[in-house]
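Just below is one structure, and these are the notes that go with it.
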Amino acid sequence: LFFFFSSRRRHTRYISVTGVQTCALPISNQIGKFGIGFKSVFSITDFPYLYSNNGHSFKLRDYIVLEEQEHSSLLKNFTTMFYLPFKKDNQNKYYEIVKTGLEKLNAFSILFLEQITRIDIKIPIGQPPITIIRDNDTENRFKHTVSINEVSYEFLIFSKPFKSKDQETSIKIAYFIKDNIITPFSSLTKPALFVHFITGETTDLEILPHGPFGTTPSREKIPFDPKSDRGIENLDILNDLASLFIESLNKMKDINYLNVDLWKILPIQENPNDIIYNLFYQQFLEVIKSDAELIPSNNHSHTNITNGILS
């Protein structure tokens with residue numbers, strides 16, 4: 001398995017450090033911050049190789065032992081290459097595991113990533129290549145397109161800075177657009193919370209929230225227990241995401257997406273069994289009660305709940 005990529009950052013010296021947070025970076029939107037670390041490669045290989053054009057090329061043995069390697073001509077125009085020879089006990093098994101995982105990559109795989117905007121996958125033995133690209137719209141800064149080969153998906157993404165006691169990052173929410181119409185995410189996938197990548201914390205909310213939540217080690221669950229420190233922090237992040245959702249509605253008005261189609265996916269009914277949905281619902285309810293002009297009217301303008309009728 002080969003990985004080629006280009007980056008201006010130089011964090012290769014941290015790969016062999018154990019007992020230290022990956023890359024030891026103060027900014028939490030680095031992927032390793034949330035446990036998707038380099039050590040996971042040892043599940044499919046015994047000896048990962050890293051080749052870099054900055055003069056540091058090595059083989060990693062026993063998690064921490066570095067063995068210097070000669071420069072590889074395969075690097076070409078890339079800054080870094082990882083070579084992961086599959087474990088010899090059952091190479092076909094590991095090949096199939098990786099192949100299946102790569103084929104499952106979709107439009108959400110890079111939707112909330114800061115540094116990665118393109119992935120090219122080449123699988124041998126007659127398999128067609130897979131290319132995933134995220135582009136930003138030059139005319140609408142909120143609009144992003146993710147293309148997988150010839151199929152494109154459009155999203156509106158809104159973000160704002162987020163700062164806690166030990167990190168500076170951003171939180172984001174995404175809406176799905178199809179034929180320039182706001183469309184339920186459930187037509188693509190079961191909506192869930194994201195921590196860079198999708199987690200197992202699903203919701204009935206038709207909006208995708210992304211934030212620096214603290215997850216369980218498997219990333220399947222996000223604790224929201226108000227009696228634990230992590231639960232309190234996660235609830236704070238969720239509340240900030242709900243506030244960002246409210247802010248996004250006014251921005252949607254400015255770019256002509258605050259219409260009946262948008263209202264079809266909004267959290268307008270209480271759902272006490274879904275803590276994520278209900279937090280968004282509660283903030284939305286308060287805003288509507290405040291007479292904010294967020295209700296579409298017949299003359300392509302907007303009115304409030306005092307002067308309008310919801311039907």
Side-chain angles (χ1 to χ4, degrees), residues 5-9 27-31 104-121 129-162 168-198 203 205-212 240-267 280 284 287 292-294 296 300-302:
F5 62 94
S6 295
S7 173
R8 294 187 301 273
R9 300 178 184 271
I27 305 301
S28 71
N29 58 11
Q30 303 296 328
I31 298 302
K104 287 182 179 178
L105 293 179
N106 56 37
F108 307 112
S109 301
I110 63 173
L111 186 61
F112 293 116
L113 300 187
E114 298 285 347
Q115 305 297 330
I116 299 175
T117 57
R118 177 175 180 135
I119 300 174
D120 292 285
I121 303 168
I130 303 170
T131 299
I132 306 175
I133 302 173
R134 188 184 77 240
D135 287 317
N136 297 348
D137 193 295
T138 56
E139 297 182 0
N140 182 345
R141 64 189 178 94
F142 303 114
K143 185 179 286 188
H144 299 253
T145 301
V146 179
S147 302
I148 305 177
N149 291 347
E150 302 301 321
V151 181
S152 295
Y153 303 87
E154 290 188 323
F155 307 91
L156 291 175
I157 299 178
F158 300 89
S159 65
K160 70 176 181 180
F162 177 85
E168 294 181 15
T169 181
S170 62
I171 56 175
K172 302 179 180 181
I173 59 170
Y175 298 84
F176 175 44
I177 308 172
K178 186 175 182 180
D179 298 326
N180 210 35
I181 296 173
I182 299 292
T183 305
F185 265 110
S186 53
S187 63
L188 280 181
T189 186
K190 175 65 177 174
L193 291 184
F194 276 66
V195 186
H196 294 295
F197 304 103
I198 195 168
T203 175
L205 194 68
E206 291 290 355
I207 301 163
L208 294 189
H210 158 69
D240 276 12
L241 279 163
S243 297
L244 175 59
F245 156 65
I246 299 302
E247 294 172 19
S248 76
L249 296 179
N250 285 311
K251 294 175 181 177
M252 298 279 263
K253 183 196 295 187
D254 294 337
I255 57 177
N256 300 318
Y257 280 100
L258 185 55
N259 51 33
V260 174
D261 294 309
L262 175 61
W263 268 78
K264 289 178 181 178
I265 71 156
L266 296 182
F280 279 63
F284 183 57
V287 169
E293 294 187 340
L294 297 175
H300 302 291
S301 62
H302 299 85

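You'll find the side chain of Ser248 stays beyond 4.5 Å of the side chain of Phe142, heavy atoms only. In this structure, Leu208 and Ile157 have side chains that are not in contact, with every pair of non-hydrogen atoms separated by 4.5 Å or more. Residues Asn140 and Leu156 have side chains in contact (heavy-atom distance under 4.5 Å, counting atoms from C-beta outward). A 4.5 Å side-chain heavy-atom check between Pro191 and Leu205 finds every atom pair outside the cut-off. Contact of the Ile119 side chain with the Thr131 side chain is not registered, since no non-hydrogen atoms from C-beta on lie closer than 4.5 Å. Asn106 is listed as a side-chain neighbour of Ser109, based on a closest heavy-atom distance under 4.5 Å.
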ask   = Which is it for His210 and Phe194 under the ring-ring contact (aromatic ring centres under 6.0 Å, His included) test, yes or no, and what are the steps along the way?
value = CA-CA 4 Å; His210 158 69; Phe194 276 66; 7.5 Å; no
inquiry  = Quick one, Ile133 with Val146, criterion side-chain contact (heavy atoms from CB on, under 4.5 Å). Give me CA distance, side-chain angles, the key distance, then yes/no.
reply    = CA-CA 5 Å; Ile133 302 173; Val146 179; over 6 Å; no
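Every side-chain contact (heavy atoms from CB on, under 4.5 Å) that Ser152 has, sequence neighbours left out, goes to Thr145, Ser147. The ring-ring contact (aromatic ring centres under 6.0 Å, His included) check on Phe162 picks up nothing, with sequence neighbours excluded. With sequence neighbours excluded, the residues that form a side-chain contact (heavy atoms from CB on, under 4.5 Å) with Asn180 are Lys143, Ile177, Tyr257. Evaluation of the side-chain contact (heavy atoms from CB on, under 4.5 Å) rule for Leu262 yields Tyr175, Ile182, Leu249, Met252, Leu258, Asn259, Ile265, Leu266 as partners, not counting sequence neighbours. When the side-chain contact (heavy atoms from CB on, under 4.5 Å) test is applied to Leu188, the partners found at least two apart in sequence or on another chain are Phe108, Tyr153, Phe176.
Within a 6.0 Å sphere centred on NZ of Lys190, other residues, nucleotides and ligands contribute more than 12 heavy atoms.
Within the structure, salt bridge (Lys or Arg N to Asp or Glu O under 4.0 Å) pairs that include any residue of residues 149-160 comprise Lys160-Glu247 (at least two apart or interchain).
Formation of a donor-acceptor pair under 3.5 Å by the Thr183 side chain with backbone atoms of Ile181 is found in this model. Side-chain atoms of Arg118 never come within 3.5 Å of backbone atoms of Asp135 as a donor-acceptor pair (strictly under, hydrogens ignored).
Atom CZ of Phe185 and atom CD of Glu206 lie 8.5 Å apart (nearest 0.5 Å).
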